[in-house]
Enquirer: 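Before I ask anything, here is the structure I am working with.
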Amino acid sequence: MGKKVSDHVTWVGKTDWQLTKFHGDEYSTHLGSSYNAYLIRDKKTALIDTVWQPFDKEFVSRLKREIDLCDIDFIVMNHNEIDHSGALPELLREIPDVPIYCTARGEAILRGHYNGDWNFKNVHTGDTLSLGDTTLTFIEAPMLHWPDTMFTHLSGDNVLFSNDGFGQHFASESLFDDQVDMTLLVNEAEKYYANILVPFNPMVRRKMDELLSMGLPIDIIAPSHGIIWRRNPRLIIDRYLQWCRDYQENQISIIYDTMWNSTRVMAENIAEGINKTDSDVTVKLFNASHHDKNDIITEVFHSKALIVGSPTINSGISFAMSGIMEMIKGMKFKNKSGASFGSYGWSGEAVKELDTLLSASGFNVVTPGIRTLWVPDGNELERCRQFGADFVASIKQQSKQTI
Ligand code: FEO
């Protein structure tokens, strides 16, 4: 069952190949996922995290094949969301007195989820636990991405158990980054960051700085989802250092919905106007009704600007645009420009509403949105192209002024 990670560490998690949705329907997992748990065997034995509740019996039964459960001296719970703590009650039915090392907020979450009156040991940043030749050091990491989150460092093997941080939803029979497609892996890590961690950018910045200032040697980063980083763990640390600083590329994303194609045609002509004026900028279009919402959020994450479009429906915007705009608002993106567009038949409120939503989501709305009545004709499409051209010229001018 177990797979060797390093001299003292064995992976004892669960790979979930059939997972396509996570957090209810909040996160799409095109590549499945894994719930990584790790066994550290030194003079003392520690288990880092467990797995999601549907796999609790399987986890405990497979763990028994790896080790006599009575030989587990410590359990470390880095984060207590149910995908990592779900198998804990089943395990503690067998070894109820084993001490559980977690933050005070971790204890509160475990009590709140399971009513477990277990043997909790609260830890703080810098606290250590000797396993013999190796030592665990705990590092609180609140809001990466829950208040209870912490990292645990193992000396000797120099492993950072980072829980959700540096993770990706990526099912594989291989454990390590040097055994999988790196482009795919980094893309999944970016999607994870864009959809889970962006709202907590300031905390990620502080934590990355603190982690590096602690000077702990890190040869391996072992997250709680997906693939383990060992080829060059600094690669994903450096990506996080970039991503947490309101990262953006030279991209403009256009997200729209359409009923009878008028708003789609407007989107395509706005894109044409942008590209004609600035051929260096990457322009990508996404239909909010068709494209995966989490992939769209990842594209918005690394875009410098966003243009959103909707036909007017019942005096407002479409259901799909409403959903994606709510997600965008929750991400608290910074330093991005925005504009809106849409077709209408008689009242035409959608564009104004989109402008309001963009502003409320922290976007710099550089120009009032553009509307077209019914099906845009040649003149209207030229107006859309000019709108795109003016938009990109305007944000270029703004960025020059900022420099
Ligand atoms: Fe993977 Fe926040 O749980």
Side-chain angles (χ1 to χ4, degrees), residues 11-38 47-56 58-59 75-91 100-114 138-152 160-172 175 185 188-201 203-204 207-208 221-229 236 240 243-244 294 297-298 327 330-332:
W11 178 89
V12 290
K14 172 67 188 173
T15 303
D16 191 349
W17 286 95
Q18 67 175 26
L19 189 79
T20 56
K21 289 175 180 176
F22 191 69
H23 284 161
D25 188 27
E26 285 297 304
Y27 193 110
S28 59
T29 50
H30 306 315
L31 302 180
S33 192
S34 66
Y35 319 104
N36 297 337
Y38 302 94
L47 175 71
I48 309 271
D49 297 328
T50 71
V51 304
W52 190 24
Q53 185 276 328
F55 303 106
D56 61 352
E58 178 183 339
F59 171 72
I75 296 173
V76 175
M77 291 304 301
N78 276 330
H79 168 44
N80 297 284
E81 197 166 1
I82 293 169
D83 49 329
H84 308 297
S85 66
L88 193 60
E90 185 70 18
L91 179 61
I100 301 168
Y101 288 75
C102 62
T103 61
R105 282 169 159 166
E107 176 182 341
I109 289 171
L110 287 173
R111 287 184 184 277
H113 277 65
Y114 308 110
F138 304 108
I139 306 146
E140 293 165 278
M143 303 321 294
L144 270 76
H145 67 122
W146 268 24
D148 65 318
T149 302
M150 67 175 188
F151 300 160
T152 299
L160 182 72
F161 299 99
S162 56
N163 202 270
D164 286 335
F166 309 117
Q168 350 77 37
H169 288 297
F170 195 122
S172 173
L175 279 187
L185 177 61
E188 283 301 317
E190 185 190 3
K191 176 180 173 182
Y192 196 92
Y193 192 96
N195 283 273
I196 303 283
L197 286 167
V198 164
F200 311 113
N201 267 345
M203 289 83 144
V204 178
K207 190 49 57 182
M208 290 296 108
I221 296 178
S224 60
H225 295 293
I227 302 298
I228 296 169
W229 308 89
I236 191 62
Y240 266 52
W243 292 339
C244 69
N294 303 105
I297 291 293
T298 310
M327 286 183 76
M331 292 296 126
K332 301 184 173 71

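Counting convention: from 1, in listed order, for ligands and their atoms alike.
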Enquirer: Under a 3.5 Å distance rule, please check whether Ser28 uses its side chain to pair with a backbone N or O of Lys21 as donor and acceptor.
Expert: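 Not at all, since once roles are kept as given, no pair shorter than 3.5 Å links the two residues.
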Enquirer: Using a 3.5 Å distance criterion without hydrogens, assess whether the side chain of Thr103 forms a donor-acceptor pair with backbone atoms of Asp148.
Expert: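 Flag set: sc Thr103 to bb Asp148 pair under 3.5 Å.
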Enquirer: Is the distance from the ring center of Phe170 to that of His30 below 6.0 Å?
Expert: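 No - the distance between ring centres of Phe170 and His30 does not fall below the 6.0 Å cut-off.
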Enquirer: So, do Tyr240 and Phe166 have ring centers that fall under 6.0 Å from each other?
Expert: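 Here the rings of Phe166 and Tyr240 have centres that are less than 6.0 Å from each other.
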Enquirer: Should His169 and Tyr192 be marked as a ring pair (Phe, Tyr, Trp, His ring centres under 6.0 Å) after you check the CA-CA gap, both sets of side-chain angles, and the distance that decides it?
Expert: CA-CA 7 Å; His169 288 297; Tyr192 196 92; 5.2 Å; yes
Enquirer: Centroid separation under 6.0 Å, is that true for the rings of His84 and Tyr35?
Expert: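 No, the ring centres sit 6.0 Å or more apart.
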Enquirer: Keeping to distances under 2.8 Å, can you name the protein N/O/S atoms close to atom 2 (Fe) of ligand 1?
Expert: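 Protein N/O/S atoms under 2.8 Å of atom 2 (Fe) of ligand 1: His79 NE2, Glu81 OE1, His145 NE2, Asp164 OD2.
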